[in-house]
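Predicted, not measured: the structure shown is a model, and the values here were computed from it. Note: hydrogens, waters and symmetry copies are ignored here, and every other heavy atom, side chains too, is used. Every chain is numbered from 1 and lettered A, B, ... according to where its sequence line falls, protein lines coming before strand lines.
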Number of protein chains: 2
Amino acid sequence: MVKSTTNEHGEDLLQLDTQICFALHATSRSFGGVYRQVLRDTGLTYPQYLAMMALWEHGEMPVKRLGELLRLDTGTLSPLLKRLDTAGLVKRDRSPHDERSVIVGLTAAGRELRAQAEQIPLKILAATGLEPEELIQLRTTLNRLTDALDSAAESLQD
Amino acid sequence: MVKSTTNEHGEDLLQLDTQICFALHATSRSFGGVYRQVLRDTGLTYPQYLAMMALWEHGEMPVKRLGELLRLDTGTLSPLLKRLDTAGLVKRDRSPHDERSVIVGLTAAGRELRAQAEQIPLKILAATGLEPEELIQLRTTLNRLTDALDSAAESLQD
DNA sequence: TGCAATCGAGTTGTGCACAACTCTCTTCTG
DNA sequence: CAGAAGAGAGTTGTGCACAACTCGATTGCA
């Protein structure tokens, strides 16, 4: 049995689907543009900012754990952390307990940057122009969507 | 006057904001993962698929117009089209009316690929696991969000 | 205990996104 | 009509995302 691709509003879901995905792609890039502006004087990119956020909140942790929090693999994270290291914001040291593991921690400069970054979320919040209720619902929908997509991708592996 | 950063549900909006943006980022990448699976035997990446979609729907058009449809600048589009050209799916010719303009059109192979790509939207739709109503609302919210972010980014230029 | 399997980081290669630039062609204006 | 200004495409350089790989450390199990 094949589901109809047109709903009661007369919208073609096949078309709609591509628009959803395209809209998401566009929104993601627009967010990137706003963050680029807001982060300009910190010298951070958005993914670097996310990494710093995680370290500000949780303190030092292994690269592995940071990758889980940010959902990034080492191919992305290693060079990113190298750049943060070069910028003097983080330090990386082998764990004495497990020589495979590298512990990422903040330097003094990295901790100091936190004060400068404090107003960033408010600026971003203002830029969204959405009401809190809408943001909450959007987040809920996105999280469900991410879970569904991840498990779909997994079941498509074969 | 400073707005409260905590709403009536006791959620910290500063935290929420970062979660929204992070959630969006995560969803965008999860979509990427599903498309990677689904597009595997076409040999296309997701942005390449978007470009092909635009050409299947609208026929040949200048690079400029394609960039507007996909919201991509030439720095992204030129090499992407070069790869599609190398793959034999599109052709690029200078416009006879305006030597600055390049017209992108489909080759026979590019047109044939459409049949193979026909079931892709349905697969993606299934992978989202969302009801049509939710998709429609999500699209609406995302479009508003994108507009707000774009105009915010513009006003932050200076 | 010894060795195979696994794990954690890092590297390499490809492609996307974007800023800043060049080059050519067109258009506008004095 | 000439030269300046602008438009359209492409290039260069940086950084992110991800697959596939290497390498050394650890773990597990025969």
Side-chain angles (χ1 to χ4, degrees), chain A residues 22 24-37 39-40 42-51 61-68 70-87 90 92-104 150 153 157, chain B residues 22 24-37 39-40 42-51 61-68 70-87 90 92-104 150 153 157:
Chain A
F22 181 76
L24 201 86
H25 199 64
T27 308
S28 184
R29 282 186 288 145
S30 296
F31 250 119
V34 173
Y35 268 104
R36 237 187 311 286
Q37 303 289 338
L39 287 171
R40 192 188 303 166
T42 68
L44 295 174
T45 65
Y46 174 59
Q48 289 168 5
Y49 169 70
L50 285 181
M61 67 182 83
V63 169
K64 167 82 171 169
R65 171 98 185 99
L66 189 56
E68 287 166 357
L70 305 181
R71 296 186 201 233
L72 290 174
D73 70 358
T74 66
T76 302
L77 212 43
S78 284
L80 187 155
L81 292 174
K82 197 183 204 172
R83 283 185 283 271
L84 288 179
D85 194 337
T86 303
V90 308
R92 292 176 294 165
D93 300 294
R94 290 274 157 195
S95 164
H97 306 300
D98 186 339
E99 286 288 328
R100 291 173 302 181
S101 182
V102 168
I103 309 295
V104 187
D150 283 346
Q157 282 291 351
Chain B
F22 181 75
L24 200 86
H25 198 63
T27 308
S28 184
R29 282 185 288 144
S30 295
F31 250 121
V34 173
Y35 267 105
R36 237 188 311 286
Q37 305 288 338
L39 287 171
R40 193 187 306 164
T42 68
L44 295 174
T45 65
Y46 173 59
Q48 288 168 6
Y49 168 70
L50 285 181
M61 66 182 86
V63 170
K64 166 84 171 169
R65 171 102 183 95
L66 188 56
E68 286 165 357
L70 305 180
R71 295 185 202 232
L72 289 174
D73 70 358
T74 65
T76 303
L77 213 44
S78 285
L80 187 154
L81 292 174
K82 197 183 205 172
R83 282 185 283 271
L84 289 178
D85 192 338
T86 303
V90 308
R92 293 176 294 165
D93 300 293
R94 290 274 158 195
S95 164
H97 306 301
D98 186 339
E99 285 288 327
R100 292 172 303 179
S101 183
V102 168
I103 309 296
V104 187
D150 284 346
Q157 282 291 352

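- Per the geometry, CG belonging to Leu72(B) stands 10 Å off C1' belonging to dC18(C), to the nearest Å.
- Considering only side-chain atoms of Val102(A), the nucleotide from dT11(D), dC18(C), dG10(C) that sits closest is dG10(C).
- Among the atoms of the strands shown, only primed sugar atoms or phosphate atoms (P, OP1, OP2) are found under 4.0 Å from some heavy atom of Thr45(A).
- No contact: Leu77(B) has no heavy atom under 4.0 Å from any strand.
- You'll find that the side chain of Asp73(B) is closest to dC18(C), out of dG10(D), dC18(C), dG6(D).
- In this structure, Leu70(A) atom CG and dC18(D) atom C1' are separated by 15 Å, rounded to whole Å.
- An OP1 or OP2 oxygen of dA25(D) is reached within less than 4.0 angstrom by no side-chain nitrogen or oxygen of His97(A).
- At the heavy-atom level, Ser78(B) lies under 4.0 Å from base atoms of the strands shown.
- Contact annotation for Ser101(B): backbone-only contact, meaning every heavy-atom pair under 4.0 Å involves sugar-phosphate atoms and none involves a base.
- A straight line from CD1 of Ile103(A) to C1' of dA9(C) spans 12 Å, rounded to a whole angstrom.
- One can place CZ of Arg29(A) at 15 Å from C1' of dA19(C), the figure rounded to the nearest angstrom.
- Leu70(B) and Arg29(A) get closest at one heavy-atom pair: O-NH2, 3.2 Å.
- Shown here are the ring pair (Phe, Tyr, Trp, His ring centres under 6.0 Å) partners of Tyr35(A), two or more places apart in sequence or in another chain: Tyr46(A), Tyr49(A).
- Taking only side-chain atoms of Arg100(A), from C-beta outward, the nucleotide of dG10(D), dA17(C), dA25(D) with the closest atom is dA25(D).
- Taking atom NZ of Lys82(A) as the reference point, atom P of dT12(C) lies 8 Å away to the nearest angstrom.
- Nearest-nucleotide positions on DNA chain D for Asp98(A) and Arg94(B) put Arg94(B) closer to the 5' end.
- Evaluation of the side-chain contact (heavy atoms from CB on, under 4.5 Å) rule for Arg100(A) yields Asp98(A) as partners, not counting sequence neighbours.
- Distance NZ (Lys64(A)) to P (dT6(C)): 14 Å, rounded to an integer number of Å.
- At a threshold of 4.5 Å between non-hydrogen side-chain atoms, the residues Leu50(B) and Leu72(B) do not count as touching.
- Residue-to-nucleotide contacts include no donor-acceptor pair under 3.5 Å from the side chain of Thr74(A) to the base of dG8(C).
- Distance, Met61(A) CE to dG8(C) P: 15 Å, rounded to whole Å.
- Comparing atom distances between the Gln48(A) side chain and each of dA9(D), dA25(D), dG15(D) picks out dG15(D) as nearest.
- Using a 4.0 Å heavy-atom criterion, one finds that Arg65(A) contacts no nucleic acid atom at all.
- The interatomic distance linking Gln37(A) (CD) with dA19(C) (C1') rounds to 12 Å, in whole Å.
- Proximity of a side-chain donor or acceptor of Ser30(B) to a complementary backbone N or O of Ala26(B) within less than 3.5 Å is detected.
- For Arg71(B), the CZ atom counts as loosely surrounded, since its 6.0 Å shell holds 12 or fewer non-hydrogen atoms of other residues, nucleotides or ligands.
- Each of Glu99(B) and Thr76(B) lies near DNA chain C, and the nucleotide nearest Thr76(B) is the one positioned closer to the 5' end.
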